[in-house]
Amino acid sequence: MISLTDSQKIGMGLTGFGVFFLFFGMMLFFDKALLAIGNILFVSGLSFVIGLERTFRFFFQRHKAKATSFFLGGIFVVLTGWPIIGVVLEIYGFFLLFRGFFPVAVGFIRRVPVLGSLLSLPGIRTLVDKIGESNNMV
């Protein structure tokens with residue numbers, strides 16, 4: 001079992017609430033306030049989970065400059081009042097930032113009993129195989 005420090009537990013909670021508020025904000029027709037709260041909670045939770053220095057190093061690597069600018073720019077656009085455009089920018093930046101993690105996530109989900117059988121369905125399998133193999137989602 002993985003042991004977490006108290007700050008990592010707080011970070012997991014903040015990240016979870018951030019994802020919830022982002023999802024809920026999109027369900028309520030891109031509510032600016034909920035999306036802004038979700039963005040702030042998600043980024044602060046991420047920095048609690050992996051630490052401030054590692055968060056800074058993750059986002060501000062030279063080869064991730066484009067992805068970071070889209071992600072943080074999307075957050076800024078949401079905060080300034082253009083939620084739909086901001087969310088589109090954020091999603092694109094998120095996929096660019098975390099594209100190296102997708103094959104690991106797909107491999108893990110394939111081993112989960114119910115979800116693994118869902119990913120084995122004919123139409124879904126080809127899409128998941130492309131995501132699982134490719135690190136070049138540009």
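What's counted below: heavy atoms across the whole structure, side chains too, no hydrogens, waters or symmetry copies. Positions are given from 1 along the sequence.
Residues I75 and V88 do not share a hydrophobic cluster, defined by chaining ILVMFWY side chains whose heavy atoms lie under 4.5 Å apart. V43 and V19 fall within a single hydrophobic cluster, where Ile, Leu, Val, Met, Phe, Trp and Tyr are joined by side-chain heavy atoms under 4.5 Å apart, directly or via other members. L34 and L41 end up in the same hydrophobic cluster when Ile, Leu, Val, Met, Phe, Trp and Tyr side chains are linked at under 4.5 Å. With hydrophobic clusters built from ILVMFWY side chains whose heavy atoms lie under 4.5 angstrom apart, V106 shares a cluster with I109. Using a 4.5 Å cut-off between side-chain heavy atoms of Ile, Leu, Val, Met, Phe, Trp and Tyr, with links allowed through other members, F56 and L72 fall into the same hydrophobic cluster.
In this structure, T80 OG1 and K32 NZ are separated by 9.5 Å, a value rounded to the nearest 0.5 Å. We find the OG1-CD distance between T5 and Q8 to be 3.5 Å, quoted to the nearest 0.5 Å. Annotation: the span from L127 atom CG to L121 atom CG amounts to 12.0 Å, rounded to 0.5 Å. The distance from the CG atom of L97 to the CZ atom of F59 is 5.5 Å, given to the nearest 0.5 Å. Between F30 atom CZ and L22 atom CG the span is 10.5 Å, to the nearest 0.5 Å. Rounding to the nearest 0.5 angstrom, the gap separating the CG atom in L46 from the CZ atom in F42 is 5.5 Å.
Here the side chain of T15 pairs no donor or acceptor atom with the backbone of M12 at under 3.5 angstrom.
Contact detail for V78 and A36: the closest heavy-atom pair is CG1-N, 4.0 Å. Across all non-hydrogen atoms, the minimal contact from G74 to L89 is CA-CB, 3.7 Å. Taking every heavy atom of both residues into account, F94 and F71 meet most closely at N-CD1, 4.0 Å.
The side chain to side chain contact (heavy atoms under 4.5 Å, CB included) with S44 is formed by just one residue from the set V49, I10, L14, T55; it is L14.
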Original post:
Step by step, would you call F58 with F98 a ring pair (Phe, Tyr, Trp, His ring centres under 6.0 Å)?
Top reply: CA-CA 10 Å; F58 174 76; F98 295 101; 5.4 Å; yes
Original post:
Would I84 and F29 count as a side-chain contact (heavy atoms from CB on, under 4.5 Å) if you check the C-alpha gap in whole Å, the side-chain angles of each, and the deciding distance to 0.1 Å?
Top reply: CA-CA 9 Å; I84 296 174; F29 302 111; over 6 Å; no
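Between F17 and F21, the angle of the ring planes lies from 30° to 60°, which puts this pair in the tilted group.
Under the side-chain hydrogen bond (donor to acceptor under 3.5 Å, both in side chains) criterion, R110 pairs with D129, sequence neighbours left out.
In the displayed structure, R57 atom CZ is contacted under 6.0 Å by more than 12 heavy atoms of other residues, nucleotides or ligands.
In summary, the aromatic rings of F95 and F102 are positioned with their centroids under 6.0 Å apart.
Between R125 and L119 there is no side-chain heavy-atom pair separated by less than 4.5 Å. No side-chain heavy atom of N39 sits under 4.5 Å from any side-chain heavy atom of F76.
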